[in-house]
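Shown next, in structure tokens, is the structure this report addresses.
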2 protein chains.
Amino acid sequence: MSISTASKALNDTGRMGSETRERVKRIAAEIGYRPNALARGLLSKRSFTIGLLTNDTYGRFTLPVMAGISDALVDHGVSVFLCAIEDDPALAQIHVDAMLDKQVDGIIATGKRLDRRLPVDLSNLHVPVVYAFTEGTQNSVTFRSDDEQGARLAVEWLMKIGRRRVAHVTGPQEFFSVRERAGAYHEVAGHREPVLYGVWSESWGHDAVEQLWKRSGEKPDALFCGNDQIARGAVDALRERGVKVPQDVSVIGFDNWEIVAAQTRPPLTTVDMELKELGRQAGLTVLALAEGRPVDPGVRKLPCRLIVRQSCGGKAPRE
Amino acid sequence: MSISTASKALNDTGRMGSETRERVKRIAAEIGYRPNALARGLLSKRSFTIGLLTNDTYGRFTLPVMAGISDALVDHGVSVFLCAIEDDPALAQIHVDAMLDKQVDGIIATGKRLDRRLPVDLSNLHVPVVYAFTEGTQNSVTFRSDDEQGARLAVEWLMKIGRRRVAHVTGPQEFFSVRERAGAYHEVAGHREPVLYGVWSESWGHDAVEQLWKRSGEKPDALFCGNDQIARGAVDALRERGVKVPQDVSVIGFDNWEIVAAQTRPPLTTVDMELKELGRQAGLTVLALAEGRPVDPGVRKLPCRLIVRQSCGGKAPRE
DNA sequence: GTGATCTGAGAAAAGCTTTTACCAACCATC
DNA sequence: GATGGTTGGTAAAAGCTTTTCTCAGATCAC
């Protein structure tokens, strides 16, 4: 039997007797034949491989994104190269070169910050590039979370359960998402309380509560925190002051970093940026581009989702 | 100029005039020529690609291991497929098949637990397999942390700074590493205090302190905790009881999970399992096997390292 | 029975690189 | 000047699939 006949039988292509086809398939299965993807890729110009480039060492954001990508692409037989580049331009270039050598069908760039670029230029590659949760280039396809909507979700929830003096404790003002969330906070809460900018740490959350409670006048009855770590520090500080969460003060976080949010006492109500879904869409998009299907460039904002736990009181909208 | 001449020039092989060689290289650099790794792999039977299989969804252990692997292999031009399989045998098989199709030079299996197997059989593959931080098969090469030595390190440190009543609060007894650490604890601390088995959560650390302090008799002057989360819960509980850390009680964790250990107040002294180094060695080993170099099978225990922060008092051994 | 159509299968090329074998030219040696 | 050894380079094969082309044989219509 010739090689080409076997190939056609296995790929359900060409004309041949159905019993020949079946026989080939059976024998192939018996001997455990698996086509060499390298040879196939050499011919088809598709390697069924993509690269994921990230500077997020701890995987805080990258892992959910990666999970989504992998989830979306495994059905299409696509595998993912993970390259952690740690803000090192030389290392990044090495990894990009290695990926290009290996004929990746596309590259997804992801990071830990919406308003920062990866330290490597991906704009003139001959393979498609999609940006996810990191700043993209002109005319690129970029996926990001809708932080404004997420923040609105949080503050509206606090208002809905009856809170009126909502303070906002968040990260450094130079973060784009900080400004976006603060803007939405102002809009919904109506400037009743100030915004406290700081750093992304528990101790800042702790300190911010000290500041707020040391001030004269009415204390906040709710805290909208810029991330779960700050929220956790705030909850700890409130407990130490004898302020009850959620009875006296509602606290809401951002990120839904389960390891922090779910272990806090009480568990944190928080905003989830749906990073897995973001990864899924990025994966499908880079696949579409690799297959030559047209994709409109631009920034796509994905809505966030509110995760209701116990730190706000109120009732969950469902479940 | 013929193709073969160019190939030999670029690979510094064959005989040719040095000025021809230079000229070829210069032109190659000019036109940005990069050899197709697929075609090269087809011939050399090496894809310069390995697969990393993990069931550790949150990357708690996998990310440092991955970083070490990548770090060790990037110099050799090897890229890494990351496959998260989430304890799903079917998904695992799909990923393994995909990797084999893509002619990976080897596979590293890693997980979140030393005494559990990945839900897929890797024992009869025609590519080398190395296990890292997960249970391997007979005659395989397995890298793991030396939990016994790590625990000894921790308890000896507590003794050295003058603590005499060291309690051990740890995870579920069915974990192999829990038993190993408890064994070392007993050996070094001399059975002065009981071992409290529980779960890997902050709240268990919190509860354990309640239990210990509610009992009559002398209280412990040190806690050796099975991981950083438990330690953190314990520290919180101690603070709530007005017990000062580290003045009254020293607390030591395990894992050096920076995000927990460094954010605890006070920052946790803890045991680092050197997972990055573990990954590095696993990477180099699978590479050696892929290149046909002999490697003795067996389990290799890597020593842990004590990270001294502020939760124990005492002085750091150096720096 | 013969030409036309169709069917099943094999041959060959292409994809890109590396390696081995080979060849032509050159120099030196006797 | 013939021989032998270098030297610098080319031709070809191999690695594994897929696709296109070709071909032998069979079937069918007239």
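Side chains included, hydrogens not; waters and symmetry mates left out as well; all remaining heavy atoms used. Letters go in sequence order (proteins before strands), and every chain restarts at 1.
Checking the phosphate oxygens (OP1, OP2) of D/dC16, no side-chain nitrogen or oxygen of A/Tyr33 falls inside 4.0 Å. Close to C/dT18, at under 4.0 Å from its OP1 or OP2, lies a side-chain N or O of B/Asn11.
Ring orientation note: the planes of A/Phe175 and A/Trp200 are nearly perpendicular, at an angle over 60° on the 30°/60° scale.
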Exercise. B/Ile107 and B/Val127: side-chain contact (heavy atoms from CB on, under 4.5 Å), yes or no, with the steps?
Worked result: CA-CA 7 Å; B/Ile107 293 178; B/Val127 297; 4.3 Å; yes
For this session: Go through the steps to decide whether B/Thr49 and A/Lys102 satisfy the test side-chain hydrogen bond (donor to acceptor under 3.5 Å, both in side chains), and finish with yes or no.
Result: CA-CA 9 Å; B/Thr49 286; A/Lys102 280 158 190 141; 4.7 Å; no
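Taking the ring centre of A/Tyr58 as origin, the terminal cationic atom of A/Arg60 falls outside the region bounded by 6.0 Å and 45° from the ring axis.
For the pair B/Leu10 CG and C/dT18 P, the computed distance is 8 Å after rounding to whole Å. Between A/Arg46 atom CZ and D/dC16 atom P there is a gap of 23 Å when expressed in whole angstrom units. Put simply, CG on B/Asp12 is 16 Å from C1' on C/dT19, counting in whole angstrom units. Whole-Å rounding puts the B/Lys102 NZ to D/dC16 C1' distance at 17 Å. Put simply, CG on B/Leu38 is 13 Å from P on D/dT17, counting in whole angstrom units. Atom NZ in B/Lys45 sits roughly 7 Å away from atom P in D/dG15 (whole-Å rounding).
Electrostatic pairing of A/Glu30 and A/Lys25 does not count as a salt bridge here, judged by no charged N lying under 4.0 Å from a carboxylate O.
Put simply, the side chain of A/Asp272 never gets that close to the backbone of A/Asn256: no donor and acceptor are under 3.5 Å apart. A side-chain donor-acceptor contact under 3.5 Å links B/Arg117 to the backbone of B/Gly136.
The listed nucleotides are C/dC16, C/dT19, D/dC16; the one nearest the side chain of A/Leu42 is C/dC16. Distances were taken from every side-chain heavy atom of A/Leu43 (C-beta onward) to each of C/dT18, C/dC16, D/dT17; the shortest belongs to D/dT17.
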Pairs: protein N or O with nucleotides 7-13 of chain D N or O, under 3.5 Å:
| from | atom 1 | to | atom 2 | distance (Å) |
| --- | --- | --- | --- | --- |
| D/dG8 | O6 | B/Arg15 | NH2 | 2.9 |
| D/dG9 | OP1 | B/Thr20 | OG1 | 2.8 |
| D/dG9 | OP2 | B/Gly17 | N | 3.4 |
| D/dG9 | OP2 | B/Thr20 | OG1 | 3.0 |
| D/dT10 | OP1 | B/Ser2 | N | 3.4 |
| D/dT10 | OP2 | B/Ser2 | N | 3.2 |
| D/dT10 | OP2 | B/Ser2 | OG | 3.0 |
| D/dT10 | OP2 | B/Thr5 | OG1 | 2.2 |
| D/dT10 | O4 | B/Lys8 | NZ | 2.8 |
| D/dA11 | N7 | B/Ser4 | OG | 3.3 |
| D/dA11 | N6 | B/Ser4 | OG | 3.3 |

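Contact annotation for A/Arg34: backbone-only contact, meaning every heavy-atom pair under 4.0 Å involves sugar-phosphate atoms and none involves a base.
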